[in-house]
Amino acid sequence: MTNGQIPKKMRLGSNEDDFYQRLQQQRRSLPIHPARGRLIHEVQRHSSVIVIGETGSGKTTQIPQYLYEAGLHRNAVIAVTQPRRVAAITISKRVAQEKKTELGHLVGYCVRFEDVTTDSTKLKYMTDGMLLREAILDPLLKRYSVVILDEAHERTIHTDVLFGVVKAAQRQRAEQGLKHIKIVVMSATMDVDHFSKYFNNAPVLYLEGRQYPIQVFYSVEHQTDYMFASLVTLFQIHKKEPAQKDVLIFLTGQEEIESAVKSIRDIAKEITGAPNLVVYPLYSSLPSFAQMRVFQPTPEGCRKVVVATNIAETSVTIQGIKFVIDSGMVKAKVYNPNSGLDLLKVVRVAKDQALQRTGRAGREAPGICYRLYTEDEFETFSNTTVPEIQRCNLASVVLQLLAMHITDVAAFDFMDKPSPEAVKKALEQLELLSAVEKRERYKLTPLGRQMAAFPLDPRLSKVILTAKDFQCLEEILTIVSVLSVDSVLFTPPNKQWCHENFIDMRNMKTAQEVRRQLKEICERQELPIQSCGRDTVPIRKCLAAGFFMSAAELQREGEYVTLSTRKVVSIHPSSVLFRCKPGYVLYNELTQTSKCYMRDLCVIDAEWLYDTAPNYFRNKKPGR
DNA sequence: GAGCACTGC
């Protein structure tokens, strides 16, 4: 999809009807159009259908319309889920245009902080996380007659949980004699059998796309320095290829990308007899005005080079890319459930990810992809990226499943199960927070049910719900909001001039919106929003109630050990507590870099830990 | 005395 806006040129000199006619003509010329009848037929006959379509097939905009036009919505709502907010919003805008209706009526969207739907909305584009949240209130998804799960191959944690939730809703609605629900899974994967089997051997429809052929070249030898190799490759292309043929380079992170951009600009100055280069970095923490630069059309006689993270694999699509240079590396978060330790590590991509990168070269014309690894090396890459649900903390997901009355989470029908240890760990954490209790089975406590209403890590929900006992919810709402978004403190990549007051506006605005949302939920739960003034004790006691399992104790030698696993840790140099030596601290996060660092700290008294979790600390003896 | 892949509720 493009950005869903109507190009200005199209509007000028043509009246509204012409515009609409042209849209309809475009619809009919999409590669998916000939499959319309078959698709409707299959969805009528089967309760679940898998649709495999390459990019550019038009499946995301057209299939929901086809089903609606065939009356398959049966006067209820067709939900179409997307992993990303922007996609949900822009696609719904496009479909509203095609349906010639105002957005929010027949066609609408629903993402966090924004619900553009009405009672008349029948085609509802939404994020997968949003539908999952709705399922907590209504596990049978009664408002929906069809659920379309798009981009299923991305296997986000939300999509994976939704697979099980919609499948269960389908079965239970049938058992209870309620109106049936159709499931359509749309994916670009080649692992079709896996999807089909999971959905009771659902039929598979293959759609043609509009992907142009791409030639793939591998390195002849193993590359020890992919940064260097990417520069060499770029300038080989640059010297022989005509201008306007743009290049996209995949590297791993901000620092690497900024340094590559600088090198490219420096080298380009020395080169004569080749087109001018315009070079742009692209990564998510880049301010959006800087991200937008990559969309500027390449000036006449120039070549555009974009050096990007994996943001350019799916989230950002750049027109005019002819060459892709793939380092074969990606920076990924590695989570260790036992130590609770996070670390960012540069690792090999999987084959599916390499394929996705390659595909970025053939969106408008045939392209070429240079892989900076040998074909033999490629063969050793794993086939698919491990689904998110198998590599992160499950506390939040398990709480949500319990809130949907799924009592045996370990036996839940996941397409790919998380490890039993990870589920056990999550249940233990929830038990420590008093969100669940173990009888014969784990059961949600009233506190746990309240916690599930918050779109937060359970530790943060617990902090909020503790605040009413300490009359400090006003302050806690702010602290929790800031803790639940990316850092609101801005570190300029080049430290020449600190004109932004070191505040990241985007993240600060998100924190504001989060606070507004959390406050609403608190008001609905009738929690009194009171302030404790300048006294920080009640605030820190609340934080202790949610984070007591993330506490560390100062040792005689001047270092810290965690109370949970006796791991040696240090205060991060960016903390205001660096060089201070408080006896006890709570931390939000452990990050392994040159040392194991605690981030986002709070000074506490050992006594508070006993007070808030006496059983947990009985054998750990902080301060005794 | 430091180094921040990407999403989402």
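First the proteins, then the strands, lettered A, B, ... as listed; each starts at 1.
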Base, sugar-phosphate, or nothing: which does [X] touch, judged by heavy atoms less than 4.0 Å apart?
X: R85(A); answer: sugar-phosphate
X: R112(A); answer: base
X: V111(A); answer: sugar-phosphate
X: L344(A); answer: base
X: F454(A); answer: nothing
X: T593(A); answer: sugar-phosphate

Notebook entry, point to check: Do any side-chain nitrogens or oxygens of T309(A) fall under 4.0 Å of OP1 or OP2 in dC6(B)?
Noted result: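 For dC6(B), OP1/OP2 do have a side-chain N/O of T309(A) under 4.0 Å.
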Worksheet item: So, is S594(A) close to the dG3(B) phosphate, meaning a side-chain N or O under 4.0 Å from OP1 or OP2?
Response: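 Checking dG3(B) against S594(A), a side-chain N or O does come within under 4.0 Å of OP1 or OP2.
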Item checked: Along DNA chain B (nearest heavy atom to each residue), the more 5'-positioned of L282(A) and D457(A) ->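 Taking each residue's closest nucleotide, the earlier one in sequence belongs to L282(A).
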Query - Q517(A) vs K331(A), nearer the 5' end of DNA chain B by closest nucleotide - result: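 First, find each residue's nearest nucleotide; the 5'-ward one identifies K331(A).
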key: Residue pair T156(A) / D128(A), side-chain donor-acceptor N/O under 3.5 Å   =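 On atom types as modelled, these side chains qualify, holding a pair under 3.5 Å.
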With a 3.5 Å cut-off and no angle check, do the side chains of Y198(A) and K167(A) form a donor-acceptor pair?
->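 Their side chains do not contain a donor-acceptor pair, so the 3.5 Å distance test is not met.
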Query raised in the report: In chain order, what residues pass the side chain to side chain donor-acceptor pair (under 3.5 Å) check against S259(A), with sequence neighbours excluded?
Result: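 S259(A) satisfies side chain to side chain donor-acceptor pair (under 3.5 Å) with no residue once adjacent residues are dropped.
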Original post:
Sequence neighbours excluded, which residues qualify as salt bridge (Lys or Arg N to Asp or Glu O under 4.0 Å) partners of R293(A)?
Top reply: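 Applying salt bridge (Lys or Arg N to Asp or Glu O under 4.0 Å) to R293(A) gives none.
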- Message: Side chain of T127(A) only, heavy atoms from C-beta on: which candidate in dC9(B), dT7(B), dG1(B) is closest?
- Response: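 In terms of side-chain proximity for T127(A), the closest of dC9(B), dT7(B), dG1(B) is dC9(B).
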When the distance from [atom1] of [X] to [atom2] of [N] is rounded to whole Å, what number comes out?
X: R391(A); N: dT7(B); atom1: CZ; atom2: C1'; answer: 10 Å
X: I257(A); N: dG3(B); atom1: CD1; atom2: C1'; answer: 14 Å
X: E388(A); N: dG8(B); atom1: CD; atom2: C1'; answer: 8 Å
X: F250(A); N: dA5(B); atom1: CZ; atom2: C1'; answer: 13 Å
X: E589(A); N: dA2(B); atom1: CD; atom2: C1'; answer: 15 Å

*Show your reasoning for whether salt bridge (Lys or Arg N to Asp or Glu O under 4.0 Å) applies to R524(A) and E520(A).*
CA-CA 6 Å; R524(A) 231 176 292 143; E520(A) 250 177 56; 3.8 Å; yes
